[in-house]
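Notes follow once the structure below has been shown.
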Amino acid sequence: MPLTASGALVGAQDVESEVPLDEPIIVTIDGPAGTGKSTVARMLAKRLGLDFLDTGAMYRAATAIYLDSKLAKEETGELLSTVMGADIHFDWSQDPPVLLAWDDPMTTRLREWDVTDNVSWVSSLGELRHHMVRKQRIIAAQHPRLVTEGRDQGSVAFPDAPVKFYLDADASVRAQRRIEQLEMDGLEVDADSMLERILNRDELDSTRADGPLMCADDAIRLDTSDLTIDEVVDTLEAEVRARVPALASKDG
Ligand code: DC
């Protein structure tokens, strides 16, 4: 049985629908919190036989490092050198890839409240963003068949990506999705403040000077408010196949 680029065994039927192994392709998915980006990006990557990069996890890791090292807000130079020293990277043998800092896995820490509440501030630091974008490009060079999701993947990190998506949804729908996601992760949720937190994070993420949340001019925009995850993935998969000649074969 053949292997995908990520090393997984696949059946003959799957191979036909995946990107040929020698074909590099970057698909970017950007959008605000709670649009289902991570789940959608993972599922899309699986269907197409590509790797999946969660860039939000990288900013969350930097935020956990900031909080756990008890640095003051003004110590931004120290924060950057500590984050650089942690050598944030992924263990690609896991599905989904597990983020490591100082070679230790960071699992539920990334989703804890203090990290979520501080991540917009940490990810507004220009030098830190440049460091992360550099890392993302190195990752893409090592994993050139990639679905990457975040806020600035189509606009800043990979402006030449052949297929870009921007997912959006009503804030109230996004808040409800986040609540369900956190509950599934076994974390306690204060439902009343979720909408406020989401709106606050949107505001901070879209007004920062470096790599703000934005829809790239050439991105395909999709409102997911009334769509199921499967419907979103179906739509994205069809768009990728229509745009990438090597993928056109599935439906003829
Ligand atoms: O997708 P997420 O909720 O895990 O992202 C966490 C935060 O990281 C989000 O508030 C904004 C920031 N982020 C960013 O600034 N740029 C990215 N490419 C990805 C995430």
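Every number for a ligand or one of its atoms is a count from 1 in the order of the listing.
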Check for a donor-acceptor pair, side chain of His131 on one end and backbone N or O of Arg129 on the other, with a separation under 3.5 Å. no
Any idea which atoms of ligand 1 are less than 4.0 Å away from a heavy-atom of Ser123? 11 (C), 12 (C), 15 (O)
Within the 4.0 Å heavy-atom shell around Gln153, which atoms of ligand 1 are there? 18 (N)
Identify which of Arg60, Arg151, Glu149 has a heavy atom lying nearest to atom 1 (O) of ligand 1. Arg151
Between Arg201 and ligand 1, find which residue part has any heavy-atom pair under 4.0 Å and reply side chain, backbone, both or neither. side chain
Give a yes or no on whether the backbone of Glu149 and the side-chain of Thr55 come within a donor-acceptor separation of less than 3.5 Å. yes
Ranked by distance from atom 19 (C) of ligand 1, the top protein heavy atom is Thr55 OG1, 3.4 Å
Considering Ser155, Ala57, Gly56, which one's heavy-atom position lies nearest to atom 20 (C) of ligand 1? Gly56
Looking at Thr228 and Glu231, would you say the former's side chain and the latter's main chain have a donor-acceptor pair under 3.5 Å? yes
Examine the proximity of ligand 1 to Arg178 and report which part, side chain or backbone, both or neither, has a heavy atom under 4.0 Å away. side chain
Quick one: does Arg129 get within less than 4.0 Å of ligand 1, heavy atoms only? yes
Show which atoms of ligand 1 fall inside a sub-4.0 Å distance from at least one heavy-atom site of Ser120. 10 (O)
Pairs of nitrogen or oxygen atoms closer than 3.5 Å, one from Tyr59 and one from ligand 1: do any exist? no
Asp205 to ligand 1: N or O pair under 3.5 Å? yes
Hey, does the side chain of Lys164 reach the backbone of Ser155 with a donor-acceptor pair shorter than 3.5 angstrom? no
Quick one: does Arg145's side chain have a donor or acceptor within less than 3.5 Å of a partner on Ile26's backbone? no
Distance filter under 4.0 Å to Arg208 heavy atoms, resulting ligand 1 atoms: 14 (C), 15 (O), 16 (N)
Pairs under 3.5 angstrom only: tabulate donor-acceptor contacts from the side chains of residues 168-176 to other protein residues two or more places apart or in another chain.
residue	atom	partner	partner atom	Å
Arg174	NE	Ala169	O	2.9
Arg174	NH1	Ala33	O	2.8
Arg174	NH1	Asp202	OD1	3.3
Arg174	NH1	Asp202	OD2	3.3
Arg174	NH2	Asp202	OD2	2.5
Gln176	NE2	Glu180	OE2	3.1

Nearest-0.5 Å distance that lies between atom CZ in Arg151 and atom CD1 in Ile29: 12.5 Å
Taking the side chain from Lys37 and the backbone from Gly31, do they hold a donor-acceptor pair closer than 3.5 Å? yes
Please lay out, stage by stage, how Asp51 and Lys46 fare under the test salt bridge (Lys or Arg N to Asp or Glu O under 4.0 Å). CA-CA 8 Å; Asp51 288 326; Lys46 270 225 155 62; over 6 Å; no
Which residue supplies the protein heavy atom nearest to atom 18 (N) of ligand 1, what is that atom called, and how far is it? Asp152 OD1, 2.8 Å
Out of curiosity, is Met58 lining ligand 1, as in a heavy atom under 4.0 Å away? no
